[in-house]
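Start at 1 and go down the list; that is how both ligands and their atoms are numbered. Every value quoted in this text rests on a predicted model; they were computed, and no experiment measured them.
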Amino acid sequence: MASKQSDLVQRNRAQSKRAQEVIARCQQLALFSEDELTTRRTFLSPPMQQCHRQLTRWMEPLGVQVRLDAVGNVRGFYPGTYSPRLIVGSHLDTIPDAGAYDGVLGVLLALTLLEALEGRKLPFGIEIVGFSEEEGVRFQTPFIGSRALVGRLDNELLNREDKNGITLCQAIQQFGLDPNQIPCAALSNDTLGYIEFHIEQGPILEELGYALGIVEAIVGQSRLEFTFTGRANHGGTTPMHLRHDAMAAAAQWITEVERAAIAVPGAVGTVGTLEAKPGVSNVIAGEVHLTLDVRHRSDEIRSQIVAQLIRKAEEISEHRRLRVRHSVLLSQQAVPMNGFLIDEIQLAIEKTGCVPHRMLSGAGHDAMILAEKVPAAMVFLRTPGGVSHHPAESVTEGDVEKAIECGLHLLDQLAASPVFLKRMVRA
Ligand code: HGY
Ligand code: MN
Ligand code: MN
């Protein structure tokens with residue numbers, strides 16, 4: 001009895017140490033930033049190279065074969081007894097002024113699971129993927145990294161320019177990668193599935209008092225850019241009735257975005273960026289450029305809201321004798337997660353003693369792209385205060401411990417699952 005007791009204490013101590021290390025590593029990678037005092041790591045920026053190097057240093061001692069694919073995804077393969085593989089990963093890029101856990105936590109949890117295997121081989125290999133671009137900051141287009149894995153990186157996207165006029169293709173070349181090799185980034189055809197651990201980034205698990213959640217579906221999202229064009233003029237001498245004020249038009253429209261989203265249960269609408277030209281206090285804005293982000297679990301409702309807001313922008317512009325144009329940057333359908341993997345995650349969470357709460361993801365994730373090709377599922381970790389996309393974003397050591405435990409149960413379950421292993425034969 002005593003030795004069993006001490007084993008349990010030993011094991012708990014090891015889990016707690018691993019959880020502390022995951023959190024410390026997230027904070028260490030957060031220092032690799034384009035900004036002095038805050039975290040910003042966008043597509044193929046120099047700090048991303050530091051991130052790649054550090055991950056390689058952590059992975060190689062485990063016998064992981066590490067490579068960088070042509071769009072800058074870190075690909076770390078841990079061989080199994082047979083060649084088919086399970087991918088476990090998330091993204092390495094961040095928004096500006098980011099927290100330390102969005103994306104990175106999922107990559108480091110994958111690494112920790114391999115460490116916890118302590119050299120044990122599973123029937124299938126494990127490929128850790130650290131995606132190079134999920135947020136869509138540099139090119140206003142999310143999921144560049146994961147799109148390369150499913151073969152959806154088209155020329156239109158490769159020619160998209162960042163704010164310095166550098167195309168995605170040039171950015172890849174400047175990082176020392178070869179765009180011609182992008183096809184080689186595709187998923188290997190013996191990929192059995194994709195699992196992503198990620199912070200919830202919302203308040204639900206905390207309100208329920210749960211450590212972990214199971215994502216049933218990821219809501220769809222539309223991202224557009226709008227430009228209101230009026231006429232710049234002197235702010236002091238131009239009477240109000242003679243103005244064609246692009247800023248006033250944009251402001252009126254932004255309140256319409258909020259009104260439209262509030263009116264539809266489960267909808268969210270965000271204008272996250274606004275740029276006025278010439279952008280000085282004593283000149284009426286001649287042009288205002290802004291972005292729109294609309295999400296809902298129903299693609300039909302999301303499209304209706306977007307269409308309504310395009311019409312509203314046109315009405316406001318007509319009334320104020322301005323012009324407005326828009327372009328669609330992304331229209332991503334809602335994506336259900338894989339039922340078999342959801343059930344396996346539920347079982348794994350129950351084994352940790354946590355309540356397995358099934359829920360929607362309001363945030364987009366690489367899992368919604370991978371799901372186009374392979375069974376995909378996500379495990380959420382509670383987000384204290386529901387705060388994310390903010391430096392105050394956090395996780396608790398206890399929840400990270402539970403996530404590691406859940407991940408190890410899940411790997412053991414899949415390794416013993418006739419259903420899952422049957423896929424290996426087909427793969
Ligand atoms: O914006 C999102 O949904 C995610 O955080 N990239
Ligand atoms: Mn994320
Ligand atoms: Mn994010």
The Mn ion (ligand 2) - closest N/O/S atom in His198: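 Of all N, O or S atoms belonging to His198, NE2 is the one nearest the Mn ion (ligand 2).
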Of the N, O or S atoms in His91, the one nearest the Mn ion (ligand 2): NE2
Check ion pair Arg382-Asp399 (N to O, under 4.0 angstrom): yes
Arg160/Asp154 salt bridge by N-O under 4.0 Å criterion: no
2.8 Å cut-off met by an N, O or S atom of Glu135 to the Mn ion (ligand 3): yes
For the Mn ion (ligand 3): the N/O/S atom of Asp102 at shortest distance: OD2
Ligand 1 contact on Gln332 by region, counting heavy-atom pairs under 4.0 Å: neither
Which of the ligand 1 atoms, numbered from 1, are nearer than 4.0 Å to a heavy atom of Ala363: 3 (O)
Single hit among His409, Gln413, Glu405 for side chain to side chain donor-acceptor pair (under 3.5 Å) with Lys351: Gln413
Cation-pi geometry met for Lys121 and Tyr78 (6.0 Å, 45°):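 The answer is yes, since Lys121 meets both limits relative to Tyr78.
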Check: Asp366/Ser146 side-chain N/O donor and acceptor closer than 3.5 Å: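 Side-chain D/A pair, Asp366 to Ser146: present.
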Full working for side-chain hydrogen bond (donor to acceptor under 3.5 Å, both in side chains) between Thr94 and Glu135: CA-CA 6 Å; Thr94 77; Glu135 297 288 1; over 6 Å; no
Gly364 N/O to ligand 1 N/O under 3.5 Å: yes
Option whose closest heavy atom lies nearest to atom 2 (C) of ligand 1, chosen from Arg295, His365, Met368: Arg295
